[in-house]
Undergrad: 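The following block contains the structure, expressed as structure tokens.
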Amino acid sequence: MALEFVRESPQRLLDRVLGAYLGLAIGDALGATVEFMTPGEIAHQFAREGGMHRHIIGGGWLKLAPGQVTDDTTMSLALGEALLEGARSGRPFDTVLMADAFVAWLRGKPVDCGNTCRRGIQRYLRDGSLSGEQNDGDGGNGALMRNLPVAIATLGDDVAFERVSIAQSRLTHHHPLSDAAVLGIGRLLRMILTGADNRAIYGFLAEWVRAWPKFAFRPYRGRASGYVVDTVQTVLHAFASSDDFEEAMLIAVNRGEDADTNGALVGMLVGARCGARMLPSRWLNRLERDVVRAITDQASALLALALDRTTETAFSAVV
Ligand code: MN
Ligand code: MN
């Protein structure tokens with residue numbers, strides 16, 4: 001009963017969860033080099049490598065060290081830590097803990113912070129509110145990029161997944177397309193993590209795009225900006241173009257624009273599909289060591305949280 005949602009062994013589930021989280025960091029570190037560039041500029045700058053950006057080398061507009069990650073990964077880690085803190089302190093999925101974690105994250109002088117995220121965190125600091133009014137300007141991908149820990153910690157509980165995903169999103173982004181993207185990409189991720197086959201995955205995607213035609217990704221329009229519609233189209237285009245982690249990743253980041261976030265989300269989905277053991281070592285070995293350690297610790301702790309919760313639910317159902 002407790003493990004009903006797992007179609008595979010617990011070891012395989014952990015491998016997929018870790019693959020998703022490390023894949024997110026790989027895409028972030030790789031894509032950041034070409035963030036805000038156009039595909040033409042990338043082809044020119046990397047002409048000697050066949051016109052493609054392929055290696056984790058840092059640099060970019062943030063002047064990163066090779067293997068350094070940005071807000072996509074560090075905000076995810078901050079959110080994940082808030083979920084674990086909530087479980088430890090008897091405040092499960094408390095939105096205030098998530099807001100406080102984002103405040104601490106911002107005060108820690110992150111290498112990067114999107115405008116909408118900054119505005120939302122400052123609003124919370126000012127008046128303690130956990131959401132702003134719905135805003136046309138909140139259609140960026142900042143809530144989507146960091147929702148992975150929620151998808152893991154609520155595995156086996158779709159109601160909690162939806163509630164917590166929307167709660168953490170609205171701290172900074174209040175827009176129907178952001179909400180839809182967070183839930184849709186999150187559901188897709190949860191299907192992959194729990195071992196759904198391609199038929200189920202592409203059946204879900206076809207149905208979802210029918211409900212939200214803005215996210216249609218075939219034919220691909222080629223826009224890869226931080227607008228959540230462009231992000232979802234780019235991520236699904238890359239995801240559906242190749243089963244191979246490297247190939248899907250290179251398709252996404254070489255579109256430039258919001259390359260780190262697009263790369264992070266593709267890495268999350270394709271990393272979940274292949275599992276951590278199959279991640280390319282030439283990229284994995286490049287990541288900052290303490291980021292890999294934090295992700296590894298958090299991935300298993302978040303999964304344990306999900307398994308404990310479903311066990312409790314099953315237990316209380318029996319009692
Ligand atoms: Mn970033
Ligand atoms: Mn970005």
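Atoms considered below: every heavy atom in the structure, side chains included; atoms not considered: hydrogens, waters and symmetry mates. Order of listing sets the numbers, starting from 1, for every ligand and every atom in it.
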Undergrad: Yes or no on salt bridge (charged side-chain N to carboxylate O under 4.0 Å, His left out) for Glu207 and Arg210, after CA distance, side-chain angles and deciding distance?
TA: CA-CA 5 Å; Glu207 194 184 306; Arg210 262 198 302 279; 5.4 Å; no

Undergrad: Could you label the plane-to-plane angle of the His237 and Tyr220 rings as parallel, tilted or perpendicular, counting under 30° as parallel and over 60° as perpendicular?
TA: parallel

Undergrad: From Leu287 CG over to Thr73 OG1, what is the distance, rounded to the nearest 0.5 angstrom?
TA: 8.0 Å

Undergrad: Checking Arg190 against Phe161: charged group under 6.0 Å from the ring centre and within 45 degrees of the axis?
TA: yes

Undergrad: Return the set of protein N, O or S atoms whose distance to the Mn ion (ligand 2) is under 2.8 Å, each given as residue and atom.
TA: Glu35 OE2, Asp258 OD1, Asp260 OD1, Thr261 OG1

Undergrad: What pair of heavy atoms forms the shortest contact from Cys117 to Cys113, and how long is it?
TA: CB-SG, 4.1 Å

Undergrad: For Arg170 and Asp179, what are the C-alpha separation, side-chain angles and deciding distance, and is it a salt bridge (charged side-chain N to carboxylate O under 4.0 Å, His left out)?
TA: CA-CA 8 Å; Arg170 296 275 178 88; Asp179 288 355; 2.4 Å; yes

